[in-house]
K.L.:
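Following this message is one structure expressed as structure tokens.
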Amino acid sequence: MRWTLKPKPSSEKVKALAAELKVDELIATLLVQRGIETYEAARQFFRPNLDDLHDPYLMKDMDKAVNRIEAAIANGENILVFGDYDVDGTTAVSLMSSYLKSYYPNVATYIPDRYDEGYGISYKGIDFADDNGCSLIIALDCGIKSIDHVAYAKAKNIDFIICDHHRPGEFLPDAVAVLDPKREDCHYPYDELCGCGVGFKLVQALAQNRKQTIEDLLPYLDLVATAIAADIVPMTGENRTLAKFGLEVINANPRPGIKALVQNVKTRANGERSEAKKVLTITDVVFIIAPRINAAGRIKHGNEAVALLTEYDLDQAEIFASEIEQHNSDRKDLDKQITIEALDQIEINQETEKFTTVVYNKNWHKGVIGIVASRLTETYYRPTVVFTKSGDKLAASARSVKDFDIYNALEACAQHLEQFGGHMYAAGMTLKEENYAAFKEAFETVVEETIHPDLLTPEISVDAEINLADINERLIRILNQFEPFGPQNMTPVFMSKGLIDSGYAKGIGADENHLKLFVKQSRSFGSSQGFGAIGFGLGKKLDLVKNQNPFEAVYCIDENDFNGNVAVQLRLKDLR
């Protein structure tokens, strides 16, 4: 594990911001590291406001999209809302369809089958639109590369509006409107929206056209926040504003589907229905809500997620939620078993020392190979691709390591692939089985030639070195206002030296896999205060801290709420 201390920002900027905001220099340092250097930027960061959202009409083709939808409504046309089967896609479809249905009845939804149709716009979906008299398809979280599909639809007199956030190819589909802030010719001020976020901007434009305000759209923000959290987009700008207000909706008045999902988890955890008022954070959305929405598309069908998220009757939503809970349980069993088989394959093939992991088994469940790829990167920290059989081709999910662009690596291997798409850190692809070995070899070569060796060791990025004496109520209160956390606004990580355990250190958990201790800093650091600390997965480091051996640690500052007693706790990430 590498510890990398972030470069200290300009002391002049830090001092100026600290004086202007009346905060200490530690807080000002954390803000400048996040690109927040002025009073106004700090105001927007600490007090996000829905009025600060950009005008949706700044997005290229927005006027065309709105005009086409309004024409469809005026002409009584049938509209099909089409989206991917993951969290971003299903929340986007739920958002768009429920908004349109609030004033127009002729709206249907379509989620492609992960196994039968694969990712993105499908010919089967276009045929469904044709069979059901739909003359307009609104595609969400997909479509930016679907040139042939859009042409196929056009031949059937079906128009397309595409709302996507993936990187476009050399040419755009011939759609009525292509909304994608990553278009080269789109000058929208913020280009890190997720697919549901782009869909929300279209809803926002439609709402403005109908003289509605942003307040009227608040009930839809629980969906947008869920998509932002699940799709791991930067927690900056508009994303952070939408996530903050979406979290407030999730905690105060979520749609029945989300309420039922969360309640189901609490019920299972406590063995009985719990009315606990625990405030959910973005982390809870990532680990509680998102995997369950995803499980529908992984195990059964993404339609189940849309049914849950658009259901307004709580009793029916609870039935849907319990079915999805079972899918999630099945998903856990599957990904555990496949991970074991994949790790065995790496050992048997003597591939533990390579620059990449590429594994394949025709029987692996397509719905969980993305999760398995993530698990394998936890064991062998390197770019990873997991293949399974899908029809007459092989399909794969790819995951990367920090700071390595796996999309670019796949692009360099494109001659071996049928199709691919994705982001810097995650991608999907298909290829012919006879090209598997050639791809595997090419991918290894590309990565070996382009990856910096340091990137093959996990890194902990440390915001600042502090002393325990620096930790006080005011610091914690302000740090809490840095939420919601996510990429480019991660939970601050601190490092402290000269730490000792006060004799409490012990391994805890079933296999004593976790470490619990009470840390103080040696007297030379000028403070006698100590804090409880927990290190998940650090049980094996117990001997390092026994007998008051001095050590240094990297950690986040948490508040531990136990039976109503709130205490400061250090969540250790590593120690040495």
K.L.:
Is there side-chain contact between Ile371 and Leu334, with at least one heavy-atom pair below 4.5 Å?
P.N.:
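With C-beta onward as the side chain, the pair stays apart.
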K.L.:
Show your working on side-chain contact (heavy atoms from CB on, under 4.5 Å) between Leu53 and Leu242 and close with a plain yes or no.
P.N.:
CA-CA 9 Å; Leu53 294 177; Leu242 292 167; 4.0 Å; yes
K.L.:
Could you check Lys393 against Glu418 for side-chain contact (heavy atoms from CB on, under 4.5 Å), going step by step and ending with a plain yes or no?
P.N.:
CA-CA 9 Å; Lys393 295 196 177 81; Glu418 292 289 289; 3.3 Å; yes
K.L.:
Okay, side chain of Arg114, backbone of Gly297: is any donor-acceptor separation there less than 3.5 Å?
P.N.:
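At least one qualifying donor-acceptor pair exists.
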K.L.:
Distance from Asp574 atom CG to Met1 atom CE, nearest 0.5 Å?
P.N.:
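Going from the CG atom of Asp574 to the CE atom of Met1 covers 5.5 Å.
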K.L.:
Any carboxylate oxygen within less than 4.0 angstrom of a Lys/Arg side-chain nitrogen, looking at Lys440 and Glu351?
P.N.:
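Glu351 and Lys440: salt-bridged.
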K.L.:
Calculate, to the nearest 0.5 Å, the distance between atoms CD and CD1 belonging to Glu248 and Ile250 respectively.
P.N.:
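Between Glu248 CD and Ile250 CD1, I get 10.5 Å after rounding to 0.5 Å.
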K.L.:
Does either side chain, that of Tyr152 or that of Asp130, offer a donor lying less than 3.5 Å from an acceptor on the other one?
P.N.:
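No, because no side-chain N or O of Tyr152 sits under 3.5 Å from a partner of the opposite role on Asp130.
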K.L.:
side-chain contact (heavy atoms from CB on, under 4.5 Å) for Val359 and Val372? Distances and angles first, verdict last.
P.N.:
CA-CA 10 Å; Val359 287; Val372 172; over 6 Å; no
K.L.:
Do Glu559 and Asn480 pair up side chain to side chain, a donor and an acceptor below 3.5 Å, judged on atom types alone?
P.N.:
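The criterion, which ignores hydrogens and geometry beyond distance, is satisfied for Asn480 and Glu559.
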K.L.:
Does Val233 offer a backbone N or O that forms a donor-acceptor pair with the side chain of Asp231 under 3.5 Å?
P.N.:
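No, because the side chain of Asp231 does not come within donor-acceptor range (under 3.5 Å) of the backbone of Val233.
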K.L.:
For Tyr99 versus Ala207, what's the shortest heavy-atom pair and its separation?
P.N.:
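That closest heavy-atom pairing would be OH-CA, 3.3 Å.
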K.L.:
Among residues two or more places apart or on two chains, list those pairs meeting ring-ring contact (aromatic ring centres under 6.0 Å, His included) that have a residue in residues 378-397.
P.N.:
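Of all non-adjacent pairs touching residues 378-397, those that pass ring-ring contact (aromatic ring centres under 6.0 Å, His included) are Phe387-Tyr436, Phe387-Phe439.
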K.L.:
Are there more than 12 heavy atoms of other residues, nucleotides or ligands under 6.0 Å from atom NZ of Lys182?
P.N.:
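Atom NZ in Lys182 is crowded, with more than 12 foreign heavy atoms closer than 6.0 Å.
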K.L.:
How close do Ala175 and Ile162 get, counting heavy atoms only, and between which atoms?
P.N.:
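In terms of heavy atoms, the two residues are closest at CB-CD1, 4.2 Å.
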K.L.:
Is it the case that atom CD1 in Ile232 sees more than 12 heavy atoms from other parts of the structure closer than 6.0 Å?
P.N.:
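Incorrect, the count does not exceed 12.
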K.L.:
Is there a donor-acceptor contact under 3.5 Å from the side chain of His514 to the main chain of Ile508?
P.N.:
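Absent.
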K.L.:
side-chain contact (heavy atoms from CB on, under 4.5 Å) for Val554 and Leu572? Distances and angles first, verdict last.
P.N.:
CA-CA 6 Å; Val554 284; Leu572 304 175; over 6 Å; no
K.L.:
Between the side chains of Lys362 and Glu433, is the shortest nitrogen-to-carboxylate-oxygen separation below 4.0 Å, so that they form an ion pair?
P.N.:
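No, Glu433 and Lys362 are not salt-bridged.
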K.L.:
Would you find a donor on one side and an acceptor on the other, under 3.5 Å apart, between the side chain of Asp284 and the backbone of Thr281?
P.N.:
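Answer holds: yes.
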K.L.:
Indicate whether any N or O donor in one side chain lies under 3.5 Å from an N or O acceptor in the other, for Gln337 and Asp333.
P.N.:
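Asp333 and Gln337 do not have a side-chain donor-acceptor pair below 3.5 Å.
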K.L.:
Side chains of Tyr190 and Asn239: is there a donor and an acceptor less than 3.5 Å apart?
P.N.:
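Yes, side-chain donor-acceptor contact under 3.5 Å.
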K.L.:
Can any side-chain N or O of Asp113 pair as donor or acceptor with the backbone N or O of Tyr115 at less than 3.5 Å?
P.N.:
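Answer holds: yes.
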K.L.:
Pair up each side-chain donor or acceptor in residues 394-404 with any protein partner under 3.5 Å, not counting sequence neighbours, and list the distances.
P.N.:
from	atom 1	to	atom 2	distance (Å)
Arg399	NE	Ser374	OG	3.4
Ser400	OG	Phe404	O	2.7
Lys402	NZ	Glu459	OE1	2.8

K.L.:
Are the side chain of Asp141 and the backbone N or O of Cys194 linked by a donor-acceptor pair below 3.5 Å?
P.N.:
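No; judged by distance alone, with no hydrogens or angles, the pair does not exist.
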K.L.:
Compile the donor-acceptor pairs under 3.5 Å between side chains in residues 298-308 and protein atoms, sequence neighbours left out, one pair per line.
P.N.:
from	atom 1	to	atom 2	distance (Å)
Arg298	NH1	Gly367	O	2.6
His301	ND1	Asn303	N	3.0
His301	ND1	Asn303	ND2	3.3
Glu304	OE1	His327	NE2	2.8

K.L.:
For the atom pair CG (Asn264) and CD1 (Ile324), what is the distance rounded to the nearest 0.5 Å?
P.N.:
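Spacing of CG (Asn264) from CD1 (Ile324) equals 10.0 Å.
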K.L.:
In Å and rounded to the nearest 0.5 Å, what is the CD1 to OG1 distance from Ile338 to Thr388?
P.N.:
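Here the interatomic distance stands at 7.5 Å.
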K.L.:
Assess Lys573 against Phe536: is NZ or CZ under 6.0 Å from the centre of the six-membered ring, and within 45 degrees of the ring's axis?
P.N.:
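So Lys573 doesn't make the cation-pi contact.
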K.L.:
Quick one: pull up CG in Leu80 and CZ in Phe128 and give me the separation to the nearest 0.5 Å.
P.N.:
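The distance works out to 6.0 Å.
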K.L.:
Show every salt bridge (charged side-chain N to carboxylate O under 4.0 Å, His left out) that has at least one partner inside residues 367-381, sequence neighbours left out.
P.N.:
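The answer is Asp335-Arg375.
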K.L.:
Among Thr491, Val493, Leu479, which residue satisfies the side-chain contact (heavy atoms from CB on, under 4.5 Å) criterion with Ile557?
P.N.:
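When Thr491, Val493, Leu479 are each tested with Ile557, the side-chain contact (heavy atoms from CB on, under 4.5 Å) holds only for Leu479.
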K.L.:
Is there a side-chain contact between Tyr110 and Ile137, using heavy atoms and a 4.5 Å cut-off?
P.N.:
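When only atoms from C-beta onward are counted, Ile137 and Tyr110 do not touch, as no gap falls below 4.5 Å.
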K.L.:
Can you confirm whether Tyr104 is buried at OH, in the sense that more than 12 heavy atoms of other residues, nucleotides or ligands lie under 6.0 Å from that atom?
P.N.:
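Counting neighbours around OH of Tyr104, more than 12 heavy atoms of other residues, nucleotides or ligands fall under 6.0 Å, so yes.
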K.L.:
What are the two closest non-hydrogen atoms of Arg382 and Leu456, and how far apart are they?
P.N.:
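That closest heavy-atom pairing would be CB-CD2, 3.8 Å.
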K.L.:
Say whether Glu117 and Tyr85, considering side chains only, have a donor N or O and an acceptor N or O under 3.5 Å apart.
P.N.:
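No - no donor-acceptor pair under 3.5 Å links their side chains.
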K.L.:
Donor-acceptor pairs are to be reported for all side-chain atoms of residues 195-203 against protein atoms at under 3.5 Å, with residues two or more places apart or in another chain.
P.N.:
from	atom 1	to	atom 2	distance (Å)
Lys201	NZ	His54	O	2.9
Lys201	NZ	Tyr188	OH	3.0
Lys201	NZ	Gln204	OE1	2.7
Lys201	NZ	Glu238	OE2	2.8

K.L.:
Restricting to non-hydrogen atoms, name the atom on Asp164 and the atom on Gly143 that form the minimum distance, rounded to 0.1 Å.
P.N.:
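Nearest pair, atom of Asp164 first, then Gly143: OD2-N, 3.4 Å.
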K.L.:
Any luck finding a side-chain donor-acceptor pair between Glu341 and Gln345 under 3.5 Å?
P.N.:
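No, no side-chain donor-acceptor pair sits under 3.5 Å.
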K.L.:
Hey, does the side chain of Ser146 reach the backbone of His149 with a donor-acceptor pair shorter than 3.5 angstrom?
P.N.:
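A pair under 3.5 Å: no.
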K.L.:
Considering all heavy atoms of both residues, which atom of Val386 and which atom of Ile369 are nearest to each other, and what is their separation?
P.N.:
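Closest approach of Val386 to Ile369, heavy atoms only: O-CD1, 3.5 Å.
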K.L.:
Would you say Lys259 has more than 12 foreign heavy atoms packed within less than 6.0 Å of its NZ?
P.N.:
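Not more than 12 within 6.0 Å, no.
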K.L.:
Check whether the side chains of His165 and Asp180 place a donor and an acceptor atom closer than 3.5 Å, and report yes or no.
P.N.:
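No, no side-chain donor-acceptor contact under 3.5 Å.
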K.L.:
Would you say the side-chain atoms of Lys540 pair up with the backbone N or O of Gly537, donor to acceptor, closer than 3.5 Å?
P.N.:
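Answer holds: yes.
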K.L.:
For Arg183, check salt bridge (Lys or Arg N to Asp or Glu O under 4.0 Å) against everything at least two apart and list the hits.
P.N.:
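So Arg183 forms a salt bridge (Lys or Arg N to Asp or Glu O under 4.0 Å) with Asp61, Asp185.
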K.L.:
Should the pair Arg167 and Tyr407 be classed as cation-pi, given the thresholds of under 6.0 Å to the six-membered ring centre and 45° from the axis?
P.N.:
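Here Arg167 passes the 6.0 Å and 45° test against Tyr407.
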K.L.:
When you compare the side chains of Thr356 and Glu444, does any donor N or O come within less than 3.5 Å of an acceptor on the partner?
P.N.:
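Per modelled atom types, Thr356 and Glu444 side chains form a pair under 3.5 Å.
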K.L.:
Let me confirm one number: the CZ-CE distance from Phe482 to Met235, rounded to the nearest 0.5 Å.
P.N.:
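Going from the CZ atom of Phe482 to the CE atom of Met235 covers 15.0 Å.
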K.L.:
Where the side chain of Thr457 meets the backbone of Leu455, is there a donor-acceptor pair that is under 3.5 Å apart?
P.N.:
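Checking the backbone N and O of Leu455 against the side chain of Thr457, no donor-acceptor pair under 3.5 Å is found.
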K.L.:
Using a cut-off of 6.0 Å, state whether more than 12 heavy atoms not belonging to Asp511 lie near its atom CG.
P.N.:
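No.
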K.L.:
Looking at Ala243 and Ile228, what are the two nearest heavy atoms and their distance?
P.N.:
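Taking every non-hydrogen atom into account, N-CD1, 4.0 Å.
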K.L.:
Contact between Tyr555 and Pro492 at the side-chain level, heavy atoms closer than 4.5 Å - yes or no?
P.N.:
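No, every pair of side-chain atoms sits at 4.5 Å or beyond.
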